[in-house]
Structure formats: C-alpha cells, structure tokens
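All values derive from a computational prediction rather than experimental measurement. The sequence lines fix the lettering, A, B, ..., with proteins before strands; numbering per chain opens at 1.
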Amino acid sequence: MADYLPLHDWTNITPTEAVALQQQLRSQIQIQPLSQPPRTIAGCDISFNKFEETVYAGIVVLNLKTMETIEEVGVISSATFPYVPGLLSFREIPSLLEAWTKLRAEPDVVMFDGHGTAHPRRIGIASHAGLFLNRPTFGCGKSVLVGKYEEPAPERGAWSPMLHYRDVVGAALRTKNKVNPVYVSPGHLIDLEMAISLTLQCDGGYRIPEPTRRTHNLVNALRRGERKAD
DNA sequence: GCGACAG
DNA sequence: ATCTTGTCGC
C-alpha cells in the first residue's frame, strides 16, 4: 500500500497554527521539471453533506496515455477542521491520506481539486500534499483564490499567466473551446509547464480534467450510498 | 478601513 | 462544497 511522510500532526490545530505551519513548510516546496516521464496520474477529491463532519474521500488512478481507470479507492472519514479560504489543505488532506493508504498503485503524479502555488503563501493543498506524498503534485481548480490574469484566447489549449504580486503563480487554462478556464498551478516536484501539459493530456471532452472528474463522481456516489467504501 | 476569499 | 428546474446558446 502507498505510504507517505508524516511531516506533522493534523489534529488539534487552530487556524493560526495552521498558517504558522504553512510558513514553516513553504521553504521545502520544490518547483522544478519532472524527473521522470509519468505513466500514471491520480485524481483526489472529497464530498460531504452540508453541516455534517462526515466526509467521503476518494482517489482514482488512471493511465495517462489511455485515460483508462487503473484503480479507485474511497473512504468514509471525518473532517473537524472548517473550510477557511487559504487553509483548505487542513480540512481535506487528512481524509485523502487515509484513502492514499489504501492505494496499491504508486501514481507518478497527483492532481488536486484546488491550487498549488496559486495561494497567498504559495502552499495550497497540492503543494502541502506533495510534501507528504513526496512525489509530483499540482492543482487544477475551478475558481481563483489569488492571482490576476488576462482572459486567454477562446480555444482549448490557450492560457495566460496568473500573477500574484510579482510572481507567476499559475495559469488560467482553457481545456475546452469557449468555456471558462480552469486554474492550474504546480504543487511540488513539478513545474507550471508540465502541470499545464498534463491537464490538457487528461482531456475527456469536459472542462474538468478526467482525474478530478472521475474522482468527483466516485465520492458523490459513495456519499449517496450508491457505492461502498473499501 | 473595505472587499475578496480554492472546496 | 451542497441544495435544485428550467433555460439560454452553440
């Protein structure tokens, strides 16, 4: 089963302590070219009923070349940390790590529903998780947290840089003609160019790339009782 | 001081 | 994120 580095505890953390942890961890994040050509990619996501702390987390691994699903795992867990813009990782990563533990495959790269460096302190969920998983990760979000950008051309593949202060923190990428862009940013052990390339490679004809889309369907089915957890 | 604010 | 029907546009 896949493992990870227990860099720090996730329980009994206050929002203030969470910010301090991010400041401490950010220096360990590495934005660089991929060291190995990836063959598989994993998508991660969670689902939950409003006002309830039970969360349904899942991970789907697919073949990058064929987009075939190789493996999928789902777990029913609990999230105590609230949703706070900028601190999403503290709410979602714990349950995602539980799912990760049940994985037999060792994904070459992991995609997150959220941001990596396109974060006020440059450590969004994709970057934070990348440090724990110790492998290439990146974020592909549906909306912006921070960063300004010029509208990219309407054709699929067009993109424009997202700027936060003086940094290029990500890219607004068009994954489908004349459809709102998605926001891509590197998490750890990868660079923006490759994150963009992989996002486009995970095309399934929808705005949302396949890893995230399939995982979203998986965790929703789990929440509705249409599927069983592992 | 006043808004904005991943999922 | 989740709750939800119809409806505008290509």
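Every residue two or more places apart in sequence or in another chain that forms a ring pair (Phe, Tyr, Trp, His ring centres under 6.0 Å) with A:Tyr183 is listed here: A:Tyr149.
One can place CZ of A:Arg224 at 11 Å from C1' of C:dC3, the figure rounded to the nearest angstrom. A:Leu87 has its CG atom 12 Å from the P atom of B:dA6, to the nearest Å. Between the NZ atom of A:Lys50 and the C1' atom of B:dG7 there is a distance of 13 Å, rounded to whole Å. One interatomic measurement links the two molecules: NZ of A:Lys142 to P of B:dC5, which rounds to 15 Å at whole-angstrom precision. Across the protein-nucleic acid pair, A:Gln22 atom CD and B:dA6 atom P stand 14 Å apart, rounded to whole Å. Summarising the geometry, the separation between NZ on A:Lys176 and C1' on C:dG9 is reported as 13 Å, rounded to the nearest angstrom. One can place NE2 of A:His119 at 12 Å from C1' of B:dG7, the figure rounded to the nearest angstrom. Rounded to whole Å, the distance from CG on A:Leu88 to C1' on C:dA1 is 10 Å.
Of the side-chain N and O atoms in A:Lys178, none sit less than 4.0 angstrom from OP1 or OP2 of C:dC10. Contact between the side-chain N/O atoms of A:Ser143 and the OP1/OP2 oxygens of B:dG7 is found at a separation under 4.0 Å. For the pair A:Arg223 and C:dT2, the criterion of a side-chain N or O lying under 4.0 Å from OP1 or OP2 is met. OP1 or OP2 of C:dA1 has not a single side-chain nitrogen or oxygen of A:Asn220 nearer than 4.0 Å. A:Tyr183 has no side-chain polar atom (N or O) that falls below the 4.0 Å cut-off from OP1 or OP2 of B:dA6.
At a threshold of 4.0 angstrom between heavy atoms, the contacts of A:His216 are confined to the sugar-phosphate backbone, with no base atom among them. Note on A:Gly139: nothing from the nucleic acid sits closer than 4.0 angstrom, heavy atoms only. As judged by a 4.0 angstrom heavy-atom cut-off over every strand, A:Val146 is placed among residues making no nucleic acid contact. Residue contacts shown for A:Ile125 include a base, since a base heavy atom lies under 4.0 Å away. The residue A:Gly124 sits close to a base: some heavy atom pair falls under 4.0 Å.
Using a 3.5 Å distance cut-off with no hydrogens or angles, the side chains of A:Arg223 and A:Asn220 do pair a donor with an acceptor.
Both tests hold for A:Arg91 against A:Phe48: distance to the six-membered ring centre under 6.0 Å, angle to the ring axis within 45°. With a 6.0 Å cutoff to the six-membered ring centre and a 45° limit on the axis angle, A:Arg213 counts as a cation-pi contact of A:Tyr206.
Side-chain proximity of A:Asp113 to B:dG7, B:dA6, C:dC3: nearest is B:dG7. Of the candidate nucleotides C:dC3, B:dA6, B:dG7, B:dG7 has the atom nearest to the side chain of A:Asp45. For A:Glu92, whose side chain is taken as the heavy atoms from C-beta onward, the closest listed nucleotide among B:dA6, B:dG7, C:dT2 is B:dG7. The side chain of A:Pro85 lies closest to B:dA6 when the candidates are C:dT2, B:dA6, B:dG7.
Here the rule is ring pair (Phe, Tyr, Trp, His ring centres under 6.0 Å) with A:His128, and of A:His8, A:His188, A:His119, A:His115 only A:His8 fits it.
Of the possible polar contacts, none joining the A:Glu210 side chain to the A:Met67 backbone as a donor-acceptor pair under 3.5 Å is found.
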